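Note that this is a predicted model, so its numbers are computed, not measured.
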There are 2 protein chains.
Amino acid sequence: MSRTKEFDEAEVLDQALELFRVRGFKHTSFSDLTGELGVSRQSLYDTYGDKQTLYQTALKRYLDRSLDGMRRKLDDPAPVRELFTGFFDALISGTCSNGSPGCLMVNSMVELAPHDAATRALAHVHAREIEGIFASRLSVAQRKGEIAQDKDPVALARFLYHTMLGFAVASRALGDRESLRVSARLALQVLG
Amino acid sequence: MSRTKEFDEAEVLDQALELFRVRGFKHTSFSDLTGELGVSRQSLYDTYGDKQTLYQTALKRYLDRSLDGMRRKLDDPAPVRELFTGFFDALISGTCSNGSPGCLMVNSMVELAPHDAATRALAHVHAREIEGIFASRLSVAQRKGEIAQDKDPVALARFLYHTMLGFAVASRALGDRESLRVSARLALQVLG
DNA sequence: TTTATTGCAGAACAAACGTTCTAATAAAGG
DNA sequence: CCTTTATTAGAACGTTTGTTCTGCAATAAA
């Protein structure tokens, strides 16, 4: 019974995500969304709820996808230094790809986290999970003797996370990919 | 001739700056401004121009003040490592002080730089100047033998700038001051 | 004290916002 | 076919936005 949707639910969600990523939450109006996505107002509301809910859904999707990608990329027996070098290079090429809209989560952390509890919660998940992924991979490396015993994998992980945040800002506002790659090399010197 | 203003022009500008810093540009309405600043709409317009101009003026003021402060703090013959450690600690305590609204420039880089040329220009000034301040101080240290000859002061400066950006985001959204201090120590390991 | 000029308060404005209502449309089951 | 249910397009809603207009108050010079 009933009519079928004229658009792909997941695909349109991704388009909305991309729009939010480029323009931010407040700077993206509902008219922008219906215009760019080619979906009517009512359909958006029926499918995703109001603007805030849509944003939150997109952000959650982005977070999940990011974490999955990171886990996959770091689940590799290569030497840590090489591994993280490649990891950061990929991140810089990706996040900083043409037009460089940066990272939706970092953008949200700046625009919304201080005033929206849900976003703040997701930001904390982002931090905790990525630090966890980094730390566990660094621990393995430490057991294999690739990293000195006196280093704290958790502290190293946090540091790498913080530099990641900086890269996201730089790529969005300055977009100097090459010097970010150089910075990544320097950051990874902390591994010893 | 004529009437005198009932408010201090510089002081109110600082209040506006602080409001923008906490809430961002789009999330701060003109009513918010008149309400919190205790100045009438018309007076704000007469004194500072429209909202965008007011923001830009505040941002420029913030930038100048920041750069001056940094120059002053780094104009010190102490050993670089100590000097930068103190510098970052102060920055973390300041930017991350209670409520931690972060850095107005970093917030602007994320919210406005991609779509506002004037903000983007100020962001580039921010980057160039701070990198310059860092680099020149690092060069002095290198000449004094505090830093190995094979290191590139400009690359080091850029790296430190990028980590600074990350700290601003982390302090705004996560507000974990202590682990930022630990990260700062790790970042400064690149000095050798 | 008058006059000229600037500052201020609040009403008023059009435009844009997020959201909802209304009516027409399309598909699937009977 | 008809009925039912869901989807859609577009008008409409009330708010809020940034900005301006209007009228009055205060100051300093003449």
**Asked** OP1, OP2 of D:dA9 versus side-chain N and O of A:Ser40: anything below 4.0 Å?
**Response** yes
**Asked** Nearest-Å distance, CZ (B:Phe30) to P (C:dA11)?
**Response** 17 Å
**Request:** May I ask you to say what B:Thr28 touches in the nucleic acid, namely base, sugar-phosphate or nothing, with a heavy-atom cut-off under 4.0 Å?
**Result:** sugar-phosphate
**Request:** Taking the side chain as every heavy atom from C-beta outward, state whether B:Gln52 and B:Asp116 have any atom pair closer than 4.5 Å.
**Result:** yes
**Prompt:** Measuring from A:His126:NE2 to A:Thr119:OG1, what's the distance to the nearest 0.5 Å?
**Reply:** 13.0 Å
**B:Val22 reachable from B:Val106 in the ILVMFWY side-chain graph, under 4.5 Å edges** = no
**Message:** Please confirm whether the shortest side-chain N or O distance from A:Ser43 to OP1 or OP2 of D:dT8 is below 4.0 Å.
**Reply:** yes
**Request:** Could you tell me whether the side chain of A:Arg81 and the main chain of A:Leu188 form a donor-acceptor pair under 3.5 Å?
**Result:** yes
**Message:** For a stem of at least 3 consecutive Watson-Crick or G-U pairs with distances under 3.5 Å, i pairing with j, i+1 with j-1 and so on, which stems involve DNA chain D?
**Reply:** C:1-28 with D:3-30
**Prompt:** Base, sugar-phosphate alone, or nothing: which one does B:Asp50 contact when heavy atoms must sit under 4.0 Å apart?
**Reply:** sugar-phosphate
**Prompt:** Rounded to whole angstrom units, what separation is found between the CG atom of B:Leu37 and the C1' atom of C:dC8?
**Reply:** 15 Å
**Request:** If the plane angle is over 60° it's perpendicular, under 30° parallel, otherwise tilted; pick one for B:His162 and A:Phe167.
**Result:** perpendicular
**Prompt:** Between atom CG in A:Asp32 and atom C1' in C:dG18, what is the gap in whole Å?
**Reply:** 12 Å
**Prompt:** In terms of side-chain heavy atoms, does B:Asp46 have a donor or acceptor partner in B:Ser43 at a distance below 3.5 Å?
**Reply:** no
**Prompt:** In terms of the nearest nucleotide of DNA chain C, which residue is placed more toward the 5' end: A:Tyr45 or B:Arg41?
**Reply:** B:Arg41
**Prompt:** At what distance, to the nearest 0.5 angstrom, does CZ of B:Arg137 lie from CG of B:Asp76?
**Reply:** 7.0 Å
**Asked** Taking atom P of D:dG18 as reference, at what distance in whole Å does atom NZ of B:Lys26 sit?
**Response** 8 Å
**Request:** Mind calculating the distance between NE2 (B:His27) and P (D:dG18) to the nearest angstrom?
**Result:** 12 Å
**Message:** If I take atom CG in residue B:Leu33 and atom C1' in nucleotide D:dT17, what distance separates them, rounded to the nearest angstrom?
**Reply:** 12 Å
**Prompt:** Does the ring center of A:Phe159 lie less than 6.0 Å from the ring center of A:Phe134?
**Reply:** no
**Item:** Atom-to-atom span, CD of B:Glu9 to P of C:dC8 - whole angstrom
**Value:** 10 Å
**Request:** Determine the contact category for B:Thr34: base if any of its heavy atoms lies under 4.0 Å from a base atom, sugar-phosphate if only primed atoms, P, OP1 or OP2 are that close, otherwise nothing.
**Result:** nothing
**Request:** Take A:Thr4 and B:Phe25, find for each the nucleotide of DNA chain D with the closest heavy atom, and name the residue whose nucleotide sits nearer the 5' end.
**Result:** A:Thr4
**Request:** Would you check if the side chain of B:Asp89 reaches a backbone N or O of B:Gly86 as a donor-acceptor pair within less than 3.5 Å?
**Result:** no
**Request:** May I have the distance from A:Lys5 (atom NZ) to D:dA9 (atom C1'), rounded to whole angstrom?
**Result:** 15 Å
Any protein N or O atoms within reach of nucleotides 21-24 of chain D? Criterion: under 3.5 Å, listing atom names and distances.
| residue | atom | partner | partner atom | Å |
| --- | --- | --- | --- | --- |
| D:dC21 | N4 | B:Gln42 | OE1 | 2.3 |

**Request:** May I ask you to test the A:Tyr55-A:Ser108 pair for a side-chain heavy-atom distance under 4.5 Å?
**Result:** yes
